[in-house]
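Let me begin by presenting the structure, written as structure tokens, before commenting on it.
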Amino acid sequence: MAFETGALPLADVDGPFDLQATVESGQSYLWDRADGRMYDSIDVHGGDAWYETVVPPIDGVCDERTVVRVRQLDDRLEWEATGDAVPILRHLLRLDDDLDAIYDATPEDPLLERAYETYEGMRIVRDPPFPCLISFICSAQMRVSRIHGMQMALAEAYGEEIEVEGRTFEAFPSPDRLAGRTEAELRELGLGYRAPYVQRTAEMVAGGEDPLDATELEYEAARDRLTRFVGVGDKVSDCVLLFSLGFLEAVPLDTWIQSAIADHYPDCDRGTYAETSRAIRRRLGGEYAGYAQTYLFHYLRAGGE
DNA sequence: CGCCAGGCTAGCG
DNA sequence: CGCTAGCATGGC
């Protein structure tokens, strides 16, 4: 196969955009940096590195599996892909979100304002559901860079290969291909105790349980629904709702947000996940609380206070 | 060496 | 229900 090339003017993006912050902020583990420096410097942003991923067919977006490479220059996103990358980039990186309107809808809060200002242009991602689900099952008690390494290892070991202009890319393994692995095989990739979770969840999806079905439900019901998958509790479920299924109100209560609640929003700690979730979602503005959460996560993890 | 990392499951009271 | 022990692995 060969690459088509093109450019998406930033003038066609609804509001500011920062590719590096979006892709290296621990939301998606499905992109890789061509220069091998993924996560080397989360305090620096706005770089012009190439990022690569393999996208499965997506209804209404692309009919075929597509290799996509993209980098951000001053006034445009330059891309190389095995098809038209524009609708794919709009979909994966939520380029049609009206980011200025989202900023305007954010409640006044000193910490939040520092986070939004530092990483202006960072968007929530829209990962394909199955790879997102597996990524965050792997995320339990794991560092961001290693979660990314696991997804790259899964693709390299079990993904289908695509040859493009002499280079080999590996797609993220399909539910069928992952369901066919043994727990021992997945442990050899370094997944640890997450290995049986990944295998069994892949089996469930291969058997017809589609994480996308949660999209039809109201937010809290959707969160409960995804916990049917093995290795998915409230927190992982919130990540999939936010980073794949478009529930922008979802606020994953991870260790960073829990400590942010303790330090900055102590009245939001209501003891249980469900009640604390309600309180912090209200505090972070409701409809777009997931955007606020993701800015806080990235800002605090990079050392901000 | 010990501690920790975008938590979850199973089994208990 | 709520609570917690146990769980793999690598990096510092």
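Since this is a predicted model, take the numbers as computed values, not measurements. First the proteins, then the strands, lettered A, B, ... as listed; each starts at 1.
- No donor-acceptor contact under 3.5 angstrom links the side chains of A/Asp127 and A/Ser244, judged on distance only.
- In this structure, CG of A/Asp234 is placed 15 Å from C1' of C/dC3, rounded to the nearest angstrom.
- The CZ-P distance, from A/Arg200 to B/dT9, rounds to 9 Å in whole Å.
- Taking atom P in both C/dA5 and B/dC3, the straight-line distance is 16 Å, to the nearest Å.
- Listed by first then second residue, pairs satisfying salt bridge (charged side-chain N to carboxylate O under 4.0 Å, His left out) with a partner in residues 263-274 of chain A read A/Asp267-A/Arg283, not counting sequence neighbours.
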Ignoring hydrogens and angles, write down the donor-acceptor pairs under 3.5 Å from the side chains of residues 129-139 of chain A, residues two or more places apart or on other chains.
from: A/Ser135; atom 1: OG; to: A/Pro131; atom 2: O; distance (Å): 2.7
from: A/Ser139; atom 1: OG; to: A/Phe136; atom 2: O; distance (Å): 2.7

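- A straight line from CZ of A/Phe229 to P of B/dG7 spans 21 Å, rounded to a whole angstrom.
- Atom OH of A/Tyr197 is separated from atom P of B/dT9 by 6 Å (rounded to the nearest Å).
- With A/Tyr116 contributing its side chain and A/Leu296 its backbone, the two residues share no donor-acceptor pair below 3.5 Å.
- One side chain, A/Thr168 or A/Glu163, offers a donor N or O that lies under 3.5 Å from an acceptor on the other.
- Within 4.0 Å (heavy atoms only), A/Tyr273 reaches no atom of the nucleic acid at all.
- No hydrogens or angles considered: a donor-acceptor pair under 3.5 Å links the side chains of A/Asp238 and A/Tyr219.
- Using a 4.0 Å heavy-atom cutoff across all strands shown, A/Gly26 reaches at least one base atom of the nucleic acid.
- Taking atom CG of residue A/Leu133 and atom C1' of nucleotide B/dC8, one finds them 13 Å apart after rounding to whole Å.
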Give every pair of a protein N or O atom and an N or O atom of nucleotides 8-12 of chain C that lie under 3.5 Å apart, one pair per line with the distance.
from: C/dA8; atom 1: OP1; to: A/Arg187; atom 2: NH1; distance (Å): 3.0
from: C/dA8; atom 1: OP1; to: A/Arg187; atom 2: NH2; distance (Å): 2.7
from: C/dA8; atom 1: O4'; to: A/Tyr193; atom 2: N; distance (Å): 3.2
from: C/dT9; atom 1: O2; to: A/Arg146; atom 2: NH1; distance (Å): 2.9
from: C/dG10; atom 1: O4'; to: A/Arg146; atom 2: NH1; distance (Å): 3.3
from: C/dG10; atom 1: N2; to: A/Arg143; atom 2: NH2; distance (Å): 2.9

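- Aromatic pair A/His298/A/Tyr119: centroids less than 6.0 angstrom apart.
- Counting to the nearest Å, the P atom of B/dC8 and the CG atom of A/Asp224 are 13 Å from each other.
- Using a 4.0 Å heavy-atom cutoff across all strands shown, A/Gln258 reaches no nucleic acid atom at all.
- C/dG10 and B/dC8 have their P atoms separated by 22 Å, given to the nearest Å.
- A straight line from CD1 of A/Ile147 to C1' of B/dC4 spans 13 Å, rounded to a whole angstrom.
- Atom CE in A/Met150 sits about 12 Å away from atom P in B/dG7, given to the nearest Å.
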